[in-house]
Amino acid sequence: MKLRSHIAKLTNRDLSYFLTNDVVLGGAFIGSGQLVFLMFASIRCEKEKEKWTECNRTLISQVGLSAMVGLYVIIKLASGVVPKYILEKHTISVKKFAAMKINTEEFVLAVLLLMAIGCALFMLGNYGTEGNLDNDEERIILFTVMFTGLGCLLVTAVWKVIVIRGELWRGELSDERHLIEVSSSTSEEFVLTEASSFWICVAVLLTTLESNFYVANAITLDKRLFTIASMAFPIVALAFVAAFFCQPRRHSPKDMLVLRLHGTSFFYVSLGANMVRDYRSDNIPWAAAYLALTVLLTIFFHFGLKLRANIGRLPDKDLETFLVDTLGKGLLKTLFSVLFLLFRTTKCAFEKGFDEDEEGGTANCFDTSWCALCIAVYLINWFIMNLVGSSVRSEWRNDLNLSIEKIAQMSHISLRRGLAGFLTLVTGVCAIFLFSLMSANKMDRTTIRVIGITGTGASFGVLISEIYSSLKAQSRRAKAEIAKMIGKRQDRTNYAQLAAKMRQRRIPLVEDQEPVFKRCEELLGNGWDDWGTEGGEWGRGGPRSRMRSRTVSNSKSPDVKMRMKYLEPKRGERSIATGKAVGVVDCSTEEAASSILSVCSNEKLRVNREEGNPARVELREKARENERVYAMVHKFPFPLANREFVFRMITKFEEEKALVAFESVSDEVDYEDHRVISSGDVDLKELKGSNFGYGVELRTVRAFTRGLWLLEDLPTRSEIKQCRLTYVVQIDAGGYLPTWLINKKMPEALG
């Protein structure tokens, strides 16, 4: 009742969080669902056995797990009385734990929580196990583990209650102070949190012990040593992977030497000991298999070093996301799954006893431990594949990683990705089959070995393929980024040179250019709401009910005002739309005009390729000092044909402003040679489109455009030049287009 009254005093946001996450999701669904699940094995065991005493082990495990789940739910509900910002202060995050930046209190709490999780997994491994617990030692072990887990949870909860309650009483953190701290923390510069060297020391210790177990097994040929080493191998392998990637920016010769010695000593000593053991046992095929595995791990280690170097070059925020979310949290999830498999192996040992005979005890559980080992290897490989996916920069990740959308659309999926997907499916099927065999009383050793090796080979194949393709794609993308930077630098130089020529010499219009400007200026009108003339060569009158005029927007250009006008066509009529946009840029009118005239700059050609447009060329044979002629083909969605635009751009300078007019011409273009085949006046009826492009037919429909850029200098602000751009364009698509496509393409063109 006291807790309930305190919860009612929470803020609306904290109370909503408490009701949805702690009460409904955590208590009603997850907590109750786990408790209901734990009932079924006891019911099944009682129905299968003649004596209910054979279910003692399952019943005691169920009691322990249910008590821990119930206690955890109660702790979560009781924590709802604490404001969220205070609770976060006393929560041990993966970030702090990975960096070992924790005080004594947090370290003790972390150890207690890990002990509680280990006890829960131990009881989960015994859950569903047959046995009446006649052995006093087994009963003592099970009850000790159960009460240890409950005690760790209870001590953690009481400790937090005392500390948080004292803090609330002292009033060390008021709401105002919290707001000040939050505002100051958001203004601080981002600082990368690196992992601690403590985890590398732990990994070295574990790998050394594991190698010693395999060496002892090779000397004594004791199967129990091999079974114990196999059970511990996944945990040791996870520790090695964590140590391998936890400090990716350390590349000094000493660090790299330690890294290579650590990897080679662990893999070569362990696998070499297994080869010697099988050779002494006259098991030559398995010795050859371990030799092949050694070669495979050597290749994997080589690619892993390259991947580690790429991870070290990530930006600070991406690197911290990799270390905390992918490496830290992913490692914990995989570790808990591996521990569950480990305790499932101990279930077999408990059921079959701990005889001291060489063929008894843990040796009787060799098949179960083999299944658990193979499944654990699959989980570790999946964890490493997640590391590979997160080693890519965040802005590249959507393009390089395989997503559900790409699978659903079957787009951008190469043969290699398809093969990797098939091998992943094979690995999953093998894992499910082996997991189902872990509960079998009798297993065919040849079957489980063949399935285990098949799944292991498939998972390693997928892993090496993903690492290789990720490294190759990142290298290609890095080269593209360098080329992009060089292209932008060249564009800036070209813009500056062209702008300087424009300032030095104002080229007057010639006779054939003046009519173009007159027609284009008619579209501009006298203001934002004035659309100019409706008639003209392309204009088409019509009832006002068919005229659509509205304001549009483009997410890529949020600061640009845009409007469009569209007369909905009837069947057989052409689609004609007019758009207008106004914006401000930080440059002079000459610089803006030079950028507008450079339709085939490096950056615009790159964007054109990324959008999948077939062609964009400059017809230099028709160029003048104040005029350029361009031809381009825009990609349209199936079943619509692509649209071809061939147009001239003319510049004119007046006092403190510049104008760039453009209008389609009737030239037919050979895109392979970048030249004009024939010229003439615009004829909408006779000209159907050009079929020349890179040696193949483009099969396009000729579209027509006309428009104007008005560039006006603005007063200088803090030595920064600015100009206002007004852009008006009229497009005749050369045929009927659906309204939705016009609504999509016009904002893109205006943006």
Side-chain angles (χ1 to χ4, degrees), residues 195 197 199-211 214-215 229 232-275 288-314 322-323 326-327 330-331 334 338 373-374 376-392 420 423 427 453 456-475:
S197 300
W199 303 111
I200 298 179
C201 299
V202 171
V204 171
L205 178 62
L206 291 177
T207 52
T208 303
L209 292 175
E210 180 76 2
S211 301
Y214 280 120
V215 170
F233 176 78
I235 300 175
V236 178
L238 275 176
F240 175 79
V241 171
F244 188 82
F245 289 108
C246 71
Q247 294 179 344
R249 288 190 174 174
R250 297 195 177 183
H251 292 289
S252 66
K254 180 181 177 181
D255 293 328
M256 297 305 296
L257 178 61
V258 171
L259 200 65
R260 288 188 172 90
L261 287 177
H262 185 198
T264 54
S265 62
F266 174 45
F267 290 120
Y268 291 159
V269 172
S270 301
L271 294 175
N274 286 329
M275 280 190 289
Y290 280 115
L291 179 61
L293 184 59
T294 304
V295 176
L296 186 66
L297 289 177
T298 303
I299 298 173
F300 171 73
F301 190 74
H302 170 72
F303 283 123
L305 289 174
K306 290 188 174 182
L307 183 66
R308 183 179 181 272
N310 277 359
I311 293 171
R313 288 191 287 267
L314 287 175
F322 171 84
L323 293 174
T326 309
L327 184 61
L331 178 68
T334 309
V338 169
L373 175 63
C374 291
V377 170
Y378 305 159
L379 290 173
I380 294 172
N381 284 347
W382 181 258
F383 167 63
I384 297 176
M385 277 193 284
N386 288 333
L387 296 181
V388 174
S390 298
S391 67
V392 183
L423 292 178
T427 305
I453 293 173
T456 303
S459 65
F460 271 108
V462 174
L463 181 58
I464 292 179
S465 172
E466 287 297 317
I467 294 176
Y468 173 76
S469 62
S470 177
L471 292 174
K472 186 177 179 181
Q474 289 186 61
S475 176

Considering residues at least two apart in sequence or located in another chain, which fulfil the side-chain hydrogen bond (donor to acceptor under 3.5 Å, both in side chains) criterion with [X]?
X: Asn386; result: none
X: Arg260; result: none
X: Thr207; result: His262
X: Thr334; result: none

[atom1]/[X] to [atom2]/[Y] distance, rounded to the nearest 0.5 angstrom?
X: Leu296; Y: Leu291; atom1: CG; atom2: CG; value: 11.5 Å
X: Phe244; Y: Phe301; atom1: CZ; atom2: CZ; value: 5.0 Å
X: Cys374; Y: Ile453; atom1: SG; atom2: CD1; value: 7.5 Å

Tell me every residue that passes side-chain contact (heavy atoms from CB on, under 4.5 Å) with [X], counting only those two or more places apart in sequence or in another chain.
X: Val202; value: Phe198, Leu206
X: Leu331; value: Leu238, Ala242, Phe383
X: Ser211; value: Phe266, Val269, Ser270
X: Lys472; value: Tyr468, Arg476

Would you say the side chain of [Y] lies within less than 4.5 Å of the side chain of [X], judging by non-hydrogen atoms?
X: Leu293; Y: Asn274; value: no
X: Asp255; Y: Gln247; value: no
X: Leu387; Y: Ile311; value: no
X: Pro234; Y: Leu373; value: yes
X: Phe300; Y: Ile384; value: yes

Please list, chain by chain and in numerical order, all residues satisfying ring pair (Phe, Tyr, Trp, His ring centres under 6.0 Å) with Phe267, sequence neighbours excluded. Phe240
Counting distance only, does the side-chain N/O of Arg308 pair as donor-acceptor with the main-chain N or O of Phe245 below 3.5 Å? no
Are the side chain of Thr208 and the backbone N or O of Val204 linked by a donor-acceptor pair below 3.5 Å? yes
In a table with atom names and distances, give each donor-acceptor pair under 3.5 Å that connects a side chain of residues 457-466 to protein atoms at least two apart or in another chain.
{"from": "Ser459", "atom 1": "OG", "to": "Asn381", "atom 2": "ND2", "distance (Å)": "2.8"}
{"from": "Ser459", "atom 1": "OG", "to": "Gly455", "atom 2": "O", "distance (Å)": "3.2"}
{"from": "Ser459", "atom 1": "OG", "to": "Thr456", "atom 2": "O", "distance (Å)": "2.9"}
{"from": "Ser465", "atom 1": "OG", "to": "Arg416", "atom 2": "NH1", "distance (Å)": "2.8"}

Please list all pairs passing the side chain to side chain donor-acceptor pair (under 3.5 Å) test where one or both residues lie in residues 291-306, with sequence neighbours left out.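 Qualifying pairs, neighbours excluded: Tyr268-Thr298.
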Which heavy atom of Ala243 sits nearest a heavy atom of Cys246, and at what distance? O-SG, 3.7 Å
Could you pull out the closest heavy-atom pair between Val392 and Leu314, with the gap in Å?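 Minimum heavy-atom contact is C-CD2, 3.9 Å.
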Salt bridge (charged side-chain N to carboxylate O under 4.0 Å, His left out) partners of Glu210, counting only residues at least two apart: none
